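Here's the structure we're looking at; comments come further down.
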Amino acid sequence: MASELRYTANAQLEHLHARYTGTGHADMTKYDWITHQHRDTCASIVGHPPLTSYLAIADGESIGRVKFEMTERMLQPCGPPPPKNDE
Amino acid sequence: MHLYNVTLQAPSAAPQAIVGNFSGARHQEIIVSRGTRLELLKPDATSGKLTSVLTHDVFGSIRSLVAFRLTGGTKDYAIVGSDSGRIVILDYDPKTNAFVKVHQETYGKSGARRIVAGQYLAVDPKGRAVMIAAMEKSKLVYILNRDAATNLTISSPLEAHRNQSILFHITGVDVGFENPLFAALEIDYGEADQDATGEAFHDAEKMLTFYELDLGLNHVVRKWSEPTDPRANFLMQVPGGTSASAPDRFDGPSGVLVCCENHIIYRHMDHPQHRVPIPRRRAPLDSEERGIIIVAGVMHKMKGAFFFLLQSEEGDLYKVTIDHQEDEVVSLKIKYFDTVPVASSLCILKSGFLFVASEFGPHHLYQFQKLGDDDAETEFSSSAYPQHGMRDPNEALPSAYFQPRGLENLLLCDTLDSINPIIDAKVLNLMPTISDTPQFYVASGRGARSSFRLLRHGLEVEENISSDLPSGIPNAVWTTKIRADDPFDTYIVLSFVNGTLVLTIGETIEECQETGFLSAEPTLGVQQIGDDALLQVYPHGIRHILADKRVNEWKVPKGKTIVQAATNHRQVVVALNSAELVYFELDLDGQLNEYQDRKAMGSVVLALSMAEVPEGRQRTPYLAVGCEDQTVRIISLDPDNTLETISLQALTAPPSAICIVEMLDAAVNKTSETLFVNIGLTNGLFLRTVLDPVTGELTDTRTRFLGTRPVRLNRVSVAGKSALLALSSRMWLNYAHQDSLHLTPLIFDPLDYVSGFSADLCPDGFIGLKGSTIKIFQIPKIGQRLKHEVLPLTYTPRKMVVHPMNGLFYVAEADHRVYGADVVQDALAQPDLKKYDRDVLELPAEVFGHPRAPAGTWASCVRILDPVELTTVYRLDLDNNEAAFSIALVPFTTRDNELMLVVGTAKDTFLAPRSCTSGYLRTYRLLDNGRNLELLHKTETEDVPQCLMAFQGKLVAGIGNALRIYDMGKKKLLRKAENKLFTTAVTSLSTQGSRIIAGDAQQSILYCVYKAAENRLLVFADDTQPRWTTCQVMLDYNTVAAADKFGNVFVNRLSESVSSLVDDDPTGAGLLHEKGQFMGAPHKTSMLCHFHVGDIITSLHRTPLVPGGRDVIIYFGLHGTIGMLVPFVSKEDVDFFNTLEQHMRSENLSLVGRDILSWRGYYVPVKAVVDGDLCEYFAKLPPGRQGSVAGELDRTVGEVLKKLEMIRVNASGF
């Protein structure tokens, strides 16, 4: 009974993870977490017009360039993932 | 503490703009997103001017905006993507002048999130569907259609999600009436996230994907997906499909333009690609490695042809054309068009205008002079390259160049002023002789278009004529038409002590005899009466001058004189010195008849006024009489009860003028004009009351103080509507703009007498008297409440400081990725410099920008400017790649309190991560009363000095994560005390006593104390939550108001007990050994107030805005917002406004469907701040809702409106 419950709960959880990108889970690595954080941050900056203006003024770039570079950065904001040690 | 937030000036940035037939009429309008507001602009095709028709706060953040038209429709809708998690379709209703929400569909959570759609919008060009997408994954397609009653309908959303894909741009593809197709530029990060070697990251391909909406299956499929240039950033729709009239003729080849770094590629499914380079400036200092991207673009379709205007990040416009045979592209061509400011959006109007919504600075409207068809500009065509430029897609095409030049194809028509971005500001009164209110001094703009602006509250006045009269000093002036249907005035009548002078307005203004006016007597009133007659009132009678110059005269009985007169097109009332009123009315034959009775007032009449005759009526039924016994009486002119007193209002002083004016105030009456009785008193007060049109009662009195002289009131016309000009020691204009009333001062020398003036060249002007001088003037920018005076700057201003004695400003300017003046001069001095290189280097920077440089290169200067004269007094360019970041004036005790200028600079600065080879504190002595500088010494620092402040005769500097106190030395500044325990970087400072309040870039506000005895600098209190602070101001010794990078403003307070504990500890030893709480300081501050403004606040000030007013907090936002936070004084007010706000929130006023409470509590729940902007929308509610909200508050609607106006006016005068 208990295992069954766990099974359905997991299925729901997996469904939720698939649906809400960026949701954390118990086995999340530090790399996963920080990458999600950075992607969220980049997306938030692009989504708030005053923030893009703010960065553009500081950096001497156009707003279009700031948005573009910020979006590009979302591909891999924190470098490559650490190598997996599969024993 | 409770605060009331009011926006004084709405943001003037324009992150997006769209064009369309929103009103459904033939002409096009522009809708501009102001970030948190929507504004509708109407361009006038004949005059080339833009007028703002409607502005609406949406209480949310607008992220995307598109115009949309149903197939075969004539009216455009605006679709708004925002942070509300909802798609909203807006319709502009020209009748009520309002945006109407047609549809609002919820699809996700609120907030600008990564996977919640709203960032991108694309419509099918045939108006059948819209796609709304997020930064990642989510793409929703809504099918739009019309029902039997031709109402717009919206379907439930169809998903086109794709996991782990980041979206760069989307656009609709023009496929005619085939299934709607959307193109998306996306990249998949799934593999890169798994691959530790980094290979997958390098090989990640940017895909151009076409999503097809299958209308038959009601389903979205990924139809086609192909890799494209890895640096692609922008898509443009290419016309396609066949027209209904000629089914075998293609409008265009269909497909998209993929704009990449340095290239533009034409792409379509199963068609060959075409690629052209983006031409770049042939600039001698430029490096080839720096790529160019397209940041804005517009496609324009004309009869049988189309072209694109694309704009690079440097502001250069390119004209792109496509040669095609049916649906096959022959060649893609690009050439330089013109250079305009870098735009966030470009809009082409069918009437031949280009609207450029600038990303920073003013927005411009240009007119097309030509389309660059037959000029000498080099055109680059894809057919000139092997395989249309796609032989090796990974290899760049050879660079293409052009020579930038002045405007050739465009002509500037109009400019919408914008103070976006405000980087620093001061609120001071530096003109005490002419103004009793403070002015705003604002450093705004970016790069070479930066400016220093002086903003004064008031309307700008443009003086057309000022001429001296040879004969004496007139005491009054009128203008009049001759016939009722004349478009313009013909006569100017001047009244002197002993005579009257008549001038005619023709090509010149000259004296005129033979007008029928009596010239030997002074004049009391002039009126065009009936269809074609004139009327002159003089002390001993009334002259009715008929069209054939016959004169009917009415003479005053012997021993009496006329003291006051009120006239309109059909009625005349005069008051005699015996306190009697005589009433005349025009009969149907055009004869002026006296009413049989005279009305005895019992008190000397000081002022009289009548409204204009309402359209289609015989007479206006009310007369307002101001008497010496400090009353104003409303007297009936109705035939049933002629000259009976209807109502009476007591005053606090004798009236000096009365003027009844009908104006449209939506707060009182939304559909028709309201009669206002305006009363000016001898003590300078101005009263405005509403005259009930049915009962004649006076209700809802509002009072304003206008000046020190008795108020004089004149009825004038502004933009074709009646308005009121009030004269006292200042001039004020009371007018209706966008359905609400404004009372705004005019920035002009106060005049003695003013009247309206309408002539061919000056249809909405005014004529005024000042001594023996006649002035004719206009008010060009109705609706703009702050007058801008501008001084251009060279680089982006970073910080400024004002000299306490002589009022000069010291501005630190710095620009990143730009070559400094010294580098440009060196390059120009090269003997072998080619001519075109020289031409490029000598291009005006304010149009073309400074020469671009790689990251880490800075251009910077320190400027001394006179803020009143608006002149640069002195400019010091920094060399050596140093950039100025901070500036302070410090009176050093060790130098007899001599004021020194300290500028914090850094060399070879990189921003992320922050680094520099060395920071410097440059110390300058002020020469020539602060108008010149002499360098004393430079002190090296290890990090960027981001903020400087004078503190107890020393300098306190925030240098990276250290806070340091410096004293003056012979060769350097001497380090006295230091605290290096700040987490990120100290960005702002303020002080009182021995307390220093430091704002950290990420860790909110920290309270420090300097213990001089032990020379210790200790942090003793901090905030409980991290905040990315931008600026701060101390409200009192324990309280600080600060703002953060996400648009919040908050107030923190230290408890009194901690404050005295710290002050009572002479050495700070107790503090030093106290244990920190939660890895921070030993004490914590508590948050008193919190509010989300929606714009990044860059400076905060605590000052009164009106003479004798209370202190308010004034804030300046990056996007050009100016607002204030007014502290409430009474508990009742807090309760009242809280309840009002609560009711207003439930009215669902957000045009983007954002929950207003959650918008104001975006990051932290709103606390103890009432949203005044929301409360003020009470005036715009429908009357029924107004009544019920007011009922809930146990007040009348008028009382609520009055309270709203009073809190704004008493605090700001706006």
Side-chain angles (χ1 to χ4, degrees), chain A residues 14-24 28-86, chain B residues 13 15 33 35 61-63 83 111-115 118-119 134-137 163-164 166-168 187 189 192-198 201 204 231 233-234 293-296 313-314 342 344 359-360 420-421 423 446-447 796 815-818 855 911-912 1045-1047 1094-1096 1117-1119:
Chain A
E14 260 169 37
H15 176 72
L16 281 175
H17 274 119
R19 192 159 168 186
Y20 300 108
T21 314
T23 317
M28 196 167 208
T29 63
K30 187 178 171 184
Y31 174 81
D32 281 346
W33 182 82
I34 196 83
T35 304
H36 278 311
Q37 286 279 309
H38 277 251
R39 284 196 183 122
D40 284 341
T41 306
C42 292
S44 174
I45 289 171
V46 175
H48 287 102
L51 270 176
T52 49
S53 303
Y54 195 78
L55 291 186
I57 293 164
D59 205 18
E61 290 280 19
S62 71
I63 290 178
R65 171 69 82 167
V66 168
K67 282 187 180 171
F68 173 53
E69 298 296 349
M70 209 45 93
T71 319
E72 285 276 291
R73 216 172 109 183
M74 284 174 73
L75 174 60
Q76 199 165 77
C78 308
K84 281 193 190 111
N85 28 356
D86 285 342
Chain B
S33 145
S61 164
I62 302 164
R63 297 161 73 197
D83 62 349
R113 289 164 204 262
R114 173 152 65 119
I115 55 159
Q119 183 66 33
M135 292 291 294
E136 184 180 320
K137 184 183 162 186
N163 274 332
Q164 304 186 319
I166 296 159
L167 195 61
F168 284 80
I187 195 161
Y189 66 75
D193 261 7
Q194 301 301 322
D195 180 22
T197 60
F201 169 67
R231 297 286 286 169
N233 70 316
F234 192 78
I293 60 167
I294 297 294
V295 295
E313 55 192 323
E314 292 181 326
V342 182
S344 55
E359 54 172 30
F360 297 111
N420 160 49
I423 295 166
R446 216 276 297 265
T796 311
D815 257 337
H816 193 202
R817 296 175 197 268
V818 153
L911 288 170
K1045 237 174 80 174
F1046 306 108
D1095 190 0
I1096 301 175
L1118 191 73
H1119 272 182

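We use all heavy atoms of the structure for the numbers below, so side chains are in, but hydrogens, waters and symmetry mates are not. Here the structure is a predicted model, which means the values were calculated and not measured.
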message = For chain B, which candidate among A:Gly47, A:Gly64, A:Ala56 shows the most heavy-atom pairs at distances under 4.5 Å?
response = A:Gly47
query = In terms of heavy-atom proximity below 4.5 Å to chain B, should A:Pro81 be classed as side chain, backbone, both, or neither?
reply = both
query = With no hydrogens and no angle check, is any side-chain donor or acceptor of A:Arg39 less than 3.5 Å from a backbone partner on B:Glu136?
reply = no
inquiry  = How close do A:Met74 and A:Cys42 get, counting heavy atoms only, and between which atoms?
reply    = CG-CB, 3.5 Å
message = Looking at B:Arg817 and A:Glu61, is any side-chain nitrogen of the basic one under 4.0 Å from a carboxylate oxygen of the acidic one?
response = yes
Which portion of B:Asn163 sits near chain A, non-hydrogen atoms under 4.5 angstrom = side chain
message = Could you report the tightest heavy-atom contact between A:Arg65 and B:Val295, atom names first, then the distance?
response = N-CG1, 4.1 Å
request  = Kindly give the heavy-atom pair with the smallest separation between A:Arg19 and B:Ile115, and that separation in Å.
outcome  = O-CD1, 3.9 Å
key: Heavy-atom contact with chain A under 4.5 Å, split by part of B:Gln194   = both
inquiry  = What part of B:Val342 gets within 4.5 angstrom of chain A, counting heavy atoms only: side chain, backbone, both, or neither?
reply    = side chain
A:His48 versus B:Arg63, side-chain donor and acceptor atoms under 3.5 Å = no
message = For the interface with chain B, which of A:Asp40, A:Thr35, A:Asp59 has the highest count of heavy-atom pairs at distances below 4.5 Å?
response = A:Asp59
Side chain / backbone / both / neither for B:Ala192 at chain A, heavy atoms under 4.5 Å = both
key: Closest-packed option against chain A by number of heavy-atom pairs under 4.5 Å, given B:Phe234, B:Tyr189, B:Phe1046   = B:Tyr189
task = Check A:Leu55 against A:Met70 and note the closest heavy-atom contact, atom names and distance.
result = CD1-CE, 3.5 Å
task = Among the options A:Pro80, A:Ser62, A:Pro82, pick out the one with the most heavy-atom pairs lying under 4.5 Å from chain B.
result = A:Ser62
ask   = Of the listed residues (A:Ser44, A:Ala43, A:Gly79), which shares the most heavy-atom pairs with chain B below a 4.5 Å separation?
value = A:Ala43
ask   = Can you name the side chain to side chain contact (heavy atoms under 4.5 Å, CB included) partners of B:Pro421, sequence neighbours left out?
value = A:Ile57, B:Phe360, B:Ile423, B:Leu1118
key: All side chain to side chain contact (heavy atoms under 4.5 Å, CB included) counterparts of A:His38, not counting sequence neighbours   = A:Ile34, A:Arg73, A:Pro77, A:Cys78
task = Before giving the answer on salt bridge (charged side-chain N to carboxylate O under 4.0 Å, His left out), spell out for B:Arg231 and A:Glu69 the whole-Å C-alpha distance, their side-chain angles and the decisive distance to 0.1 Å.
result = CA-CA 10 Å; B:Arg231 297 286 286 169; A:Glu69 298 296 349; 2.9 Å; yes
Side chain, backbone, both or neither of B:Lys1045 within contact of chain A (heavy atoms, under 4.5 Å) = both
Between B:Asp83, B:Asp193, B:Asp815, the one whose heavy-atom pairs under 4.5 Å with chain A are most numerous = B:Asp193
note = Honestly, the part of B:Gln119 sitting under 4.5 Å from a heavy atom of chain A is side chain
message = Between A:Ser53 and chain B, with a heavy-atom cut-off of 4.5 Å, which part of the residue counts as in contact: side chain, backbone, both or neither?
response = both
note = Honestly, the part of B:Leu911 sitting under 4.5 Å from a heavy atom of chain A is side chain
